[in-house]
Amino acid sequence: MQEQHAAGGGRVGVELDSQQRLPVPPASDDWRDDVRALVRAWRAAMLDHPWAPGLVGRPLLGPNVLARTEFLQATLVRGGCHGRQLAVVTRMLANYVIGASLTEATWRRTADPDARAAARAHVAASADAYPTLTASGHLDDGRWSDDLLFEEGLTGLLRAAVGPGKPPEPR
């Protein structure tokens, strides 16, 4: 992988940044839809490049990442986030998409395609030790898709971060 030094001495994964060139959507009248569009594209790029999650520990400060972060924060400002709330919501969304993508990519690239089924069978066989996991269908691919869980998680994060309506004025 090519690397270059960024200002301040950090390393930038240039290859990762160039592979994750996401089209920044045009701003619409609905800031939440704009956040969703960006985060969905970001997740798709991470899942399309299964090696990308392995580079998560590197600072990503290339021009594509910076453009994506600028769009995200400008969109959140349109939604009423400011100051510390803006920083917190930005991190929540970034950590969510990276974490969800890392988990999905890990399951998808496992050397043993039966690993998830074996884990599910272990949970079911140990229902006394894992009653909540058993009842919830944890690891049951047929119950809910990764896409559905990701979308509902994103909706919940946006609701928790700024509420169902306009967030309060900045302090």
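Side chains of Thr75 and Asp34: no donor on one and acceptor on the other come within 3.5 Å.
Once rounded to the nearest 0.5 Å, the distance linking CG of Leu38 with CG of Leu93 reads 9.0 Å. The OG1 atom of Thr69 lies 10.5 Å from the CG atom of Leu76; values are rounded to the nearest 0.5 Å. Rounding to the nearest 0.5 angstrom, the gap separating the CG atom in Leu158 from the CG atom in Leu154 is 5.0 Å. Between Leu86 atom CG and Gln73 atom CD the span is 4.0 Å, to the nearest 0.5 Å. Here Asp147 contributes atom CG and Glu152 contributes atom CD; the two are 11.5 Å apart, rounded to the nearest 0.5 Å. Distance check: Arg78 CZ to Arg32 CZ gives 11.5 Å after rounding to the nearest 0.5 Å.
Panel note: side chain Ser126, backbone Ala129; no donor-acceptor pair is recorded below 3.5 Å. Here the side chain of Asp114 pairs no donor or acceptor atom with the backbone of Ala117 at under 3.5 angstrom. Within the 3.5 Å criterion, the main-chain N or O of Ala118 finds no donor-acceptor partner in the side chain of His122. Looking only at distances, a side-chain donor or acceptor of Arg120 sits under 3.5 Å from a matching main-chain atom of Leu139. Under the 3.5 Å distance criterion, the side-chain polar atoms of Ser136 are matched with a main-chain donor or acceptor of Leu133. The backbone N or O of Ala161 lies less than 3.5 Å from a partner atom in the side chain of Gln85, making a donor-acceptor pair.
A chain of hydrophobic side-chain contacts below 4.5 Å, direct or via other Ile, Leu, Val, Met, Phe, Trp or Tyr residues, connects Val88 to Val35. Cluster annotation: Leu47 is not connected to Trp42 through the hydrophobic network of ILVMFWY side chains, with a link wherever side-chain heavy atoms come within less than 4.5 Å. The cluster map of Ile, Leu, Val, Met, Phe, Trp and Tyr, joined by side-chain heavy atoms under 4.5 Å apart, puts Leu149 and Val97 in different clusters.
Counting heavy atoms from C-beta on, the side chains of Arg36 and Thr155 come closer than 4.5 Å. Counting heavy atoms from C-beta on, the side chains of Leu66 and Pro63 never come closer than 4.5 Å. Annotation: side chain of Tyr130 is not in contact with side chain of His138 (no heavy-atom distance under 4.5 Å).
Closest non-hydrogen pair, Tyr96 versus Phe150, comes out as OH-O, 2.7 Å. Nearest heavy-atom pair across Phe71 and Pro25 is CE1-O, 3.0 Å.
Not counting sequence neighbours, Ala67 has no partner by the side chain to side chain contact (heavy atoms under 4.5 Å, CB included) test. Taking Arg40 as the reference, Glu151 meet the side-chain hydrogen bond (donor to acceptor under 3.5 Å, both in side chains) condition, with sequence neighbours excluded.
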* Can you list the steps and then say if Glu104 with Arg43 is a side chain to side chain contact (heavy atoms under 4.5 Å, CB included)? -> CA-CA 10 Å; Glu104 287 179 54; Arg43 174 179 172 246; 2.8 Å; yes
